Amino acid sequence: GKTLDWTFQSAQGNSGTVAQIARKFVGSQPAAILAISTPAAQAAVAATKQIPVVYGAVTDPVAAQLVKTMGPSGTNVTGVSDRLEPGKQVKLIRKIVPSVKAVGMIYNPAEANSKVAVNEMKAALSKAGIELVEAAAPRSVDVGQAARRLVGKVDLIYTGTDNNVVAAYEAVAKVGNDAKIPLVAADTGSIRRGALAVLSVDYRDLGKQAGKQIVRILKGEKPGGMASETSENLVLILNLEAARKQGVELSAQLQSEASEILGR
């Protein structure tokens, strides 16, 4: 309105572009910068130690070296993490494929978010007696090939919020449909692009949470005195059409637990 101007720019998944955008924003001296995703947050934090930076949709801000702890940082950084409890994902996987023995996971080894997610899922799956088969995709163009490497080795493919995988999710969906491998994701957008199930934070709510942090900063609060936050508001979305393509029948019990069902 009359008292607030905001500028939005997308790096389209390009690491060089995200650094340029961060430097440009710092040069314009805004009251605060909201950085969505780990690469964007890392670029913003590297570009300024004075302007408040609020991160959003970062799985592990400590591993990404944005903050030292989830408590007040004492710096110019705070934010909202989309970290998910891996045990809940394993329970969902078991409901979809009760006999599951091996789960595949595609990720970019260079993305801090993704390495943390893979390690946590490996530990949770191992505890349940399930093997995790990793497939590296350093670039978005590598995602389809990484998915194909999992064919014949896994009973289900699980994808987190890895930026490369999300950008090329249609390539994962094609492999899942062709090879009849169920696809479960942690990114809500993937449900309309081929996943049969998503258990995730509500990213609209996550954005509102980050927005409330920015309002506190605009009213004079220091970001370094504000603890990082997480969201407990999880949503389960099912895609019955994708399930049919991937050769899976989702139980009535699971459907009754869903917040939203597509492809009826």
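The structure presented is a predicted model; accordingly, all values stated were derived computationally and were not measured.
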query: Where is the tightest heavy-atom contact between Ile51 and Asn76, given as atom of each residue plus distance?
result: O-ND2, 2.8 Å
query: If only atom types and distance count, is the side chain of Gln246 paired as donor or acceptor with the main-chain N or O of Gly194 below 3.5 Å?
result: yes
Side chains of Leu250 and Leu240 in contact at under 4.5 Å (non-hydrogen atoms): yes
- request: Just grab all the salt bridge (charged side-chain N to carboxylate O under 4.0 Å, His left out) pairs involving residues 159-172, residues at least two apart or on different chains.
  value: Glu170-Arg193
Beyond-backbone contact of Leu238 with Leu236, side-chain heavy atoms, under 4.5 angstrom: yes
- prompt: In the single-linkage hydrophobic clustering (I, L, V, M, F, W, Y; side-chain heavy atoms under 4.5 Å), do Val166 and Tyr158 co-cluster?
  reply: no
query: Looking at residues at least two apart in the chain, or sitting in another chain, which of them share a salt bridge (charged side-chain N to carboxylate O under 4.0 Å, His left out) with Arg139?
result: Asp142
message: Please check: side-chain N/O of Gln209 versus main-chain N/O of Thr230, any donor-acceptor pairing under 3.5 Å?
response: yes
- prompt: Are any of the side-chain nitrogens in Glu229 or Arg216 under 4.0 Å away from the carboxylate oxygens of its partner?
  reply: yes
- prompt: For Ile181, what are the other residues in its hydrophobic cluster, where any two members join if their side-chain heavy atoms are less than 4.5 angstrom apart?
  reply: Ile106, Val133, Val143, Leu150, Val151, Val154, Ile157, Val165, Tyr169, Val172, Val175, Leu183
message: Are the side chains of Thr75 and Lys68 in contact, using a 4.5 Å heavy-atom criterion?
response: no
- prompt: Among the clusters formed by ILVMFWY side chains lying less than 4.5 Å apart, do Val248 and Leu92 turn up in the same one?
  reply: yes
query: Where is the tightest heavy-atom contact between Ala57 and Leu206, given as atom of each residue plus distance?
result: N-CD2, 3.7 Å
message: Once rounded to the nearest 0.5 Å, what's the spacing between atom CD1 of Ile237 and atom OG of Ser190?
response: 10.0 Å
field: Shortest non-hydrogen contact between Ala32 and Ile214, atoms and distance
entry: CB-CG2, 4.4 Å
message: More than 12 heavy atoms of other residues, nucleotides or ligands under 6.0 Å from NZ of Lys180: yes or no?
response: yes
- request: Supply the atom-to-atom distance Ile261 CD1 to Gln255 CD, rounded to the nearest 0.5 angstrom.
  value: 4.5 Å
message: Is there a side-chain contact between Met226 and Ile217 in this structure, where contact means two heavy atoms from C-beta onward sitting under 4.5 Å apart?
response: yes
query: So, do Leu66 and Val58 sit near enough that their side-chain heavy atoms are less than 4.5 Å apart?
result: yes
task: Measure across Ala124 and Pro86 and return the closest heavy-atom pair with its distance rounded to 0.1 Å.
output: CB-CB, 3.9 Å
query: Any donor-acceptor pair under 3.5 Å linking the side chain of Arg149 with the backbone of Glu134?
result: no
- prompt: Are Val103 and Leu196 connected in the hydrophobic side-chain network, where two residues link if heavy atoms are under 4.5 Å apart?
  reply: yes
query: So which of Asn163, Thr161, Thr38 actually passes side chain to side chain donor-acceptor pair (under 3.5 Å) with Glu111?
result: Asn163
task: Please write out which residues are connected to Phe8 in a hydrophobic cluster, directly or through intermediates, given that two of Ile, Leu, Val, Met, Phe, Trp, Tyr count as joined at side-chain heavy-atom separations below 4.5 angstrom.
output: Trp6
query: Does atom CD of Glu249 have more than 12 heavy-atom neighbours, drawn from other residues, nucleotides or ligands, at distances under 6.0 Å?
result: no
- prompt: Are the side chain of Ser256 and the backbone N or O of Gln253 linked by a donor-acceptor pair below 3.5 Å?
  reply: yes
- request: State, yes or no, whether a side-chain contact exists between Arg94 and Ile130 at a heavy-atom distance under 4.5 Å.
  value: yes
- line: Rounded to the nearest 0.5 Å, the CG atom of Asp155 sits from the CD atom of Glu131 at a distance of 9.5 Å
query: Where do Val184 and Leu156 land on the side-chain contact (heavy atoms from CB on, under 4.5 Å) test, with the steps shown first?
result: CA-CA 8 Å; Val184 175; Leu156 179 145; 3.8 Å; yes
message: Please determine whether side-chain contact (heavy atoms from CB on, under 4.5 Å) holds for the pair Val45 and Lys49, giving the CA-CA distance in whole Å, both sets of side-chain angles, and the decisive distance to 0.1 Å.
response: CA-CA 7 Å; Val45 170; Lys49 303 302 178 191; 4.0 Å; yes
message: Which heavy atom of Ala210 sits nearest to which heavy atom of Leu34, and what is that distance?
response: CB-CD1, 4.0 Å
task: Give the C-alpha distance, both sets of side-chain angles, the deciding distance and a yes or no for side-chain contact (heavy atoms from CB on, under 4.5 Å) between Val235 and Val198.
output: CA-CA 8 Å; Val235 293; Val198 166; 5.9 Å; no
Atom pair CE (Met121) and OG (Ser114), whose distance is rounded to the nearest 0.5 Å: 13.0 Å
query: Apart from Val215 itself, what residues make up its hydrophobic cluster, given side-chain heavy atom links below 4.5 Å?
result: none
- request: Say whether, by atom type as modelled, one donor and one acceptor occur between the side chain of Asn164 and the main chain of Asn108 under 3.5 angstrom.
  value: no
query: Counting only heavy atoms not in Arg204, do more than 12 sit closer than 6.0 Å to its CZ atom?
result: no
task: Check the pair Val118, Leu132 against side-chain contact (heavy atoms from CB on, under 4.5 Å), reporting the backbone distance first and the verdict last.
output: CA-CA 9 Å; Val118 168; Leu132 178 69; 3.9 Å; yes
- request: Answer whether the closest heavy-atom distance between the side chains of Leu234 and Leu199 falls below 4.5 Å.
  value: yes
- request: Would you please name every residue forming a salt bridge (charged side-chain N to carboxylate O under 4.0 Å, His left out) with Asp178, sequence neighbours left out?
  value: Lys174
- request: Measure the spacing between NZ of Lys208 and CD of Gln213 and express it to the nearest 0.5 Å.
  value: 15.5 Å
query: Is a side-chain N or O of Glu241 found less than 3.5 angstrom from the main chain of Leu262, in a donor-acceptor match?
result: no
Exceeds 12 heavy-atom contacts within 6.0 angstrom, atom CD of Gln65: no
- prompt: Counting N and O atoms only, with roles assigned by atom type, does the side chain of Asp82 sit under 3.5 Å from a partner on the main chain of Thr59, one being a donor and the other an acceptor?
  reply: yes
query: Going from CD on Gln9 to CD1 on Ile21, what distance comes out if it is rounded to the nearest 0.5 angstrom?
result: 5.0 Å
Where Pro182 and Val97 come nearest, the two heavy atoms and their spacing: CG-CG2, 3.9 Å
- prompt: Among the clusters formed by ILVMFWY side chains lying less than 4.5 Å apart, do Ile36 and Val80 turn up in the same one?
  reply: no
message: Any heavy-atom pair between the side chains of Ser81 and Met70 that's under 4.5 Å?
response: yes
- prompt: Are the side chain of Thr78 and the backbone of Val54 linked by a donor-acceptor contact shorter than 3.5 Å?
  reply: no
message: Between Ser228 and Tyr55, does the side-chain hydrogen bond (donor to acceptor under 3.5 Å, both in side chains) criterion hold? Intermediate values first, please.
response: CA-CA 9 Å; Ser228 290; Tyr55 67 79; 2.8 Å; yes
- prompt: Just by distance, do the side chain of Asn239 and the backbone of Ile191 share a donor-acceptor pair under 3.5 Å?
  reply: yes
query: For Gly87, does its backbone N or O pair with a side-chain atom of Glu85 as donor and acceptor, under 3.5 Å?
result: yes
